[in-house]
Amino acid sequence: MPLPPICGEMAIKEGYMMPFILFISCMAIIGLSIYLTRKGVIKPKIRRLPAIDAIDEAVGRATELGRPVHYTVGLGSVSNVQVIAGLSILSYVARKCAEYDTRLIVTFSVPNVQPVVMDLVKEACMAAGKPENFKPEDIRWLSGRQFSFATGVMGIIMREKVAANLLLGYFAAESLIFAEAGFRAGAIQIAGTTNSYQIPFFVTTCDYTLISEELIIAGAYISQIPEQVGTIFGQDLIRLITVALIVIGSILYAVGFKDFYLWLNM
Amino acid sequence: MRGGGWAVQQSEKSTSLWEKLQEIDVRYIYLLVWIVVSIPILKPLGLPLGSISEETMLLYDFIDHLPPRSIVVMIADQGPAAATECQPGMVAIFRHCVEKDLRVLFFASRTEAVPFIEQCMIDVLGASKDHPDYGKLYVNLGFIPQYEIGLSALAANIFYTTTDAYGNSLKSMEFFKDLPTGTAKDWSLAIYFGNSNVDWVVRQVNDPYGCPVAGGVGAVLVSRIYPYYPQQVIGFLTGLRGSAEYEVLVGKPGSAVAGMDAQSLAHLAIIIMIIIGNIGYFVSKRRIGGF
Amino acid sequence: MFDFNILIVLAAAAMTLGLYSYLYRENIFFRIAEHAYVGAAAGYSALISIESAWRLLHPHLDKGEYYWLITILIGLMYVFFFTKKYFWLYRYPTAIVIGSGIGVYIARGIKTQLIRRITDTISNVSLSILTPFDGAIRAIGVISALLYFYATMEHKGPMQHISKLGRYFLMAAFGSSFGVTIMSRVSLFIGRLRFLYFTYPAQYVVVLAVIMLVAAIIYDHVRKAET
Amino acid sequence: MSRVIKRDIPILLLTFTALFQAADTLIEEPTLNSYADSMRSAASIIGTFALILSVTLLTRLHTRRLQRRRTIIESTVLLISLWIPLVWGLWQFSMGGVSPTIEPFVQGVFNGIVSPGDSTIYAILAFFIASAAYRAFRARSVEATILLVAGIIVMLAKAPIGESIWSGFPILSDWILNVPNRAGVTVIILSAILASIALYVRMMLGYERGWMGRAAE
């Protein structure tokens, strides 16, 4: 096979100097905080996330009413960060549903999510000691087009009269369709996404909302594994650095010293 | 964050009219929306449009001051869903270009947009490929795949596709005679119609070749286009309202202007509903004694 | 001569009204429209994906680079999901798909989502629309709302006030995004109604649908009165 | 051993591809860039094969329903509208190389079912947004009041009618959109990328295994 010449000129791409520095330092900071957590030097704890605590309540209510729980990770492919976060929460929900013998319907739009979801739900049912509760026909692909997926979900929510509607993943314009269908079915709704255009609809129509990063840290919040929580500590350190950059940059820019701004754009 | 949804449904049984309105069956709201939007469509009311926004005005002035035979490139990226907002604007701008004797080059960056180009030419010229000026002033390149890659190739070499949408060879057309460079440097304006993103057009046409960019975009895209305005994007039409403004400027009010009546009525209805809902909320709160 | 386009318009009108019948309640017409829509969209999107995958693959095969057939072998690992023993093979293609997705996203994201947003806030610090301090207010909003998301600390003391301020900024942002969106959503519906009212022969379907809706309302009312 | 091939190698594969793609985005080097480009094409070809799973399972679900004589009409409609265009389109594509985007029958199905469906469901949002606004815009608390006021001002400014009520609405809405709204949107974006970085590190080190169905382990 024809190989291109090995090792041409190697250089950082234009305009990517700062991203390169930040990439390396973010990795280092998070790596360090995992190390410190393992050593027991720091013991970070994630603050309460009411939306996640409400999942138990939602599953409990579905069990009482004898109606199913609906869970969707939305439109994204399995490589989408919000879908990955949604999958982490799904394994917890699936386990709770299996324990209480509550029916769980999972919907998604991109085919490559299918094997992951099926494996995850099956695993959760086995972990709960109830493998018979795994029903492959309740894990549904509803086409790869945005609005036909939305129609399918809308139909399922109303037909099955779901008691809990969990919308955690990647959503575009169809967010409100799901939330309204859930409202008409009288379901408890817990939603979460990082898409800034859709959060308003979730905040106004759902009972609990995981805004932006709350969705992504939820997996660590549920598992409470020290290393996972350690990365959240690292994330907060990067947040403080960001705040510092904004404060320093704004002050310098306001007094007319623009080199700092140009340096950030490098 | 705690929102309000299920909790609203669980409130106490109501007695007064205001309280009943609080828990009104949503289907009455749906019916109201349907009626309010239907009336002006069936019988236009001609409500005043208000002042014309700066972005629309700048785009109109820019096109108005282009010398004849300048090249305007129209990038159609509207699917059936976005077409309601973008198509009237595309028709109005094309009409303006025809009046000013400009050369217009169409292409679609998604397959679903191809019929909308055809429709636009038929609306304005009455014919598409059979019009006498087709090939002289107007050319439709059809679908060019792979968004940014396709546009970048076209901007580098206008004969990238070699044939137009109907299979005619480009080299023989009068449209492409006397082009100084054959690249996007010859273009006077590139206009994006659609709802997905405008970044890639600016990146491929404005950054390397300095060709100004404009847009006829859905209202949701406005916040993404603002950072480029007015340096790189010289003007744009915001949703149906922008299209309606352009129709008024061109002097041929069409579907967008009629649509604005429906828009105004619908907004008014929603605001009245919100006010009624709030009055009801305060009345019932006082009755319960929590206020 | 039979006109294929008339059939398409009729199908489109039936689809539109069938799907809108959901607004009244879940019913058999909605279910048929829904299933036709999901099925056709699934088939169509599958066709488009297959075509674009083939367009990526076949230039390499034409050039004689047959080692690209490995992608097919890895892709076929998904099929082992149907077996009890080797179902875990799906993790290999999944790992490749996720890995190449997140690798691109993380490096670009640091530039476009992290650095761009920071510099955007900095360079607008002297923005002035109503007051000369608008840019500074925006920067304060960004900082306080960013601290609202601080995860590994309970929000007490001064932090409580900062995060409360941050929430207020977020709420104003959500409210205004909501307000902006209402406009574009209404205009979409205008387009649909125009199609239904002014396209021959869609109007006849509308009349039929109205008659059916009235019948359904009367039926529901009678049944409700009986029980 | 089985843990190695079932779990550890996929994680290593993920880490390797992710770092490789990240390096490609940051570094200019012809060999690296061309390999990374091929890898992205390969990944999207590989991902397409998941369709086999999904189409099979969807078909199986509805054939089983037919066997059990439940939802006969709906399932028949779904299977017909799924398989006829799919088979016909594939046949045309593999035999004559006719792209499904121009094949007349497939386009007929698209224009008659898929495209009107898309516009219809997108437009159904007009109803849902009205009912959501009615329910959500209540002055329940300080926060809800801020949401309500910001929403109403922007709405009034965007419709022609608002300008005729008070000419100050457009300026005020401009301020809201540029100051608090931009601040809020900026933060949503910033916080999403911060959390994503941490999530990716967790995945690359194998602490977060939701994507391979073994989070419970």
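All of these numbers come straight from a predicted model, not from anything done at the bench. Chain A is the first sequence line, chain B the second, and so forth, proteins listed ahead of strands; every chain is numbered from 1.
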Side-chain donor-acceptor pair present, D:R182, D:T186, cut-off under 3.5 Å | no

For the pair C:H35 and D:H62, name the ring-plane relationship: parallel under 30°, tilted 30 to 60°, perpendicular over 60°.
->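 Perpendicular, since the angle between the ring planes exceeds 60°.
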
So, the part of D:S196 with a heavy atom under 4.5 Å from chain C: the answer is side chain

Part of D:A132 within contact of chain C (heavy atom distance under 4.5 Å) | both

Top contributor to chain D interface from [options] [non-hydrogen pairs under 4.5 Å]:
options: C:G43, C:S49, C:S100, C:A42; answer: C:S100
options: C:Y90, C:F82, C:F149, C:F169; answer: C:F82
options: C:I74, C:I32, C:V97, C:D134; answer: C:D134
options: C:G135, C:S177, C:A36, C:G166; answer: C:A36
options: C:R116, C:E34, C:R31; answer: C:R31

side-chain hydrogen bond (donor to acceptor under 3.5 Å, both in side chains) against C:Y22, all qualifying residues, sequence neighbours excluded =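 By the side-chain hydrogen bond (donor to acceptor under 3.5 Å, both in side chains) rule, C:Y22 matches no residue at all.
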
Is [X] close to chain D through its backbone or its side chain, or both, or neither, when contacts mean heavy atoms under 4.5 Å?
X: C:L17; answer: neither
X: C:T181; answer: both
X: C:I72; answer: both

Looking at C:F195, is C:R192 sitting on its ring face, NZ or CZ under 6.0 Å from the six-membered ring centre and within 45 degrees of the normal?
-> yes

Residues C:F178, D:F137; criterion ring pair (Phe, Tyr, Trp, His ring centres under 6.0 Å); working and verdict | CA-CA 10 Å; C:F178 199 122; D:F137 281 178; 5.0 Å; yes

By ring-ring contact (aromatic ring centres under 6.0 Å, His included), which residues pair with D:Y122, not counting sequence neighbours?
->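 For D:Y122, the residues satisfying ring-ring contact (aromatic ring centres under 6.0 Å, His included) (neighbours in sequence not counted) are A:F147.
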
So, C:F81 versus C:Y86, ring centres under 6.0 angstrom or not?
-> no

